[in-house]
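Residue numbers start from 1 in every chain, and the chains themselves are labelled A, B, ... in the order their sequence lines are given, proteins ahead of strands.
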Amino acid sequence: ETGVTQSPTHLIKTRGQQVTLRCSSQSGHNTVSWYQQALGQGPQFIFQYYREEENGRGNFPPRFSGLQFPNYSSELNVNALELDDSALYLCASTWAGSTEAFFGQGTRLTVV
Amino acid sequence: DAKTTQPNSMESNEEEPVHLPCNHSTISGTDYIHWYRQLPSQGPEYVIHGLTSNVNNRMASLAIAEDRKSSTLILHRATLRDAAVYYCILLYPGTASKLTFGTGTRLQVTL
């Protein structure tokens, strides 16, 4: 039990639509990161938020965006969904100076 | 980012020790070596990390080569619950949540 919860657990969307995925972190975790994991691959870093500001981004287009809120929750938004966006989306949280990241169980997104 | 190389898969018998290797020949002096594992249908979980010295915790041991170009994660007695994908990751201090995952080693544990 990591104390990081994600919702929903599964989601089906149509190509071109927009989606919002949610993550709730442990109290005190001021850093949250999002990852995309395609089938059979390791997770790929999308971006990180620290104290509600984006603080690092992987090789993902601007249609992937995020928000972090003061209550330790965060969102990942994806616009103009493409079939290749079908993946497991993982949220991880930690605090500045920590050596360990805590992951949620992920949201499985299917784009049809 | 410095890269790591791991075998795609390994097998072990239950209650036997398992040694999972990782090569990181381009590691920099400040990179920490972290290991995470991902059980089926779950998010990754932290296992252990180290810089230069060997490390032990309740889950595993980490043996780091003297030149730091390789390391080995040791599970002392594998159980069926240890069947997972194990990832070896290099991290600059203070970047605990900016993880660069490779494809990892899929560990199968059999009775």
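- Under the 4.5 Å side-chain contact rule for hydrophobic residues, A:Leu81 and A:Ile46 share a cluster.
- Using a 4.5 Å cut-off between heavy atoms, A:Gln6 does not touch chain B at all.
- The number of heavy-atom neighbours closer than 6.0 Å to CZ of B:Arg68, taken from other residues, nucleotides and ligands shown, is above 12.
- Both B:Ile27 and B:Trp35 are assigned to one and the same hydrophobic cluster, defined by single-linkage of ILVMFWY side chains at heavy-atom distances under 4.5 Å.
- Taking a 6.0 Å sphere around CG of A:Asn59, one finds it holds 12 or fewer heavy atoms contributed by other residues, nucleotides or ligands.
- Rounding to the nearest 0.5 angstrom, the gap separating the CD atom in B:Glu45 from the CD atom in A:Glu100 is 9.0 Å.
- Considering all non-hydrogen atoms of both residues, B:Thr103 and A:Gln41 come closest at CG2-OE1, 4.1 Å.
- Of all non-hydrogen atoms in B:Leu99 and A:Phe45, the two that sit nearest each other are O-CB, 3.9 Å.
- Chain B forms the most heavy-atom pairs under 4.5 Å with one residue out of A:Asn55, A:Leu88, A:Val32, and that residue is A:Asn55.
- Under a 3.5 Å cut-off, the side chain of A:Ser33 and the backbone N or O of B:Ser97 do form a donor-acceptor pair.
- Here the side chains of A:Thr99 and B:His34 are in contact, with some heavy-atom distance below 4.5 Å.
- By the neighbour-count criterion of 12 heavy atoms within 6.0 Å, atom CZ of A:Arg15 is sparsely surrounded, having that number or fewer from other residues, nucleotides or ligands.
- Criterion: ILVMFWY side-chain heavy atoms under 4.5 Å apart, direct or through other members. Under it, A:Phe47 and A:Leu67 are not part of a common hydrophobic cluster.
- Nearest heavy atoms, B:Tyr87 versus A:Pro43: OH-CD, 3.9 Å.
- If you chain together hydrophobic residues whose side chains sit under 4.5 Å apart, A:Leu83 and A:Leu109 fall into the same group.
- At a threshold of 4.5 Å between side-chain heavy atoms, the hydrophobic network of Ile, Leu, Val, Met, Phe, Trp and Tyr places B:Leu91 and B:Ile64 in two separate groups.
- Looking at A:Tyr35 and B:Pro44, their side chains never come closer than 4.5 Å, going by heavy atoms from C-beta outward.
- The side-chain heavy atoms of A:Thr94 and B:Tyr46, taken from C-beta on, include no pair separated by under 4.5 Å.
- With a 4.5 Å cut-off on non-hydrogen atoms, B:Tyr32 does not touch chain A at all.
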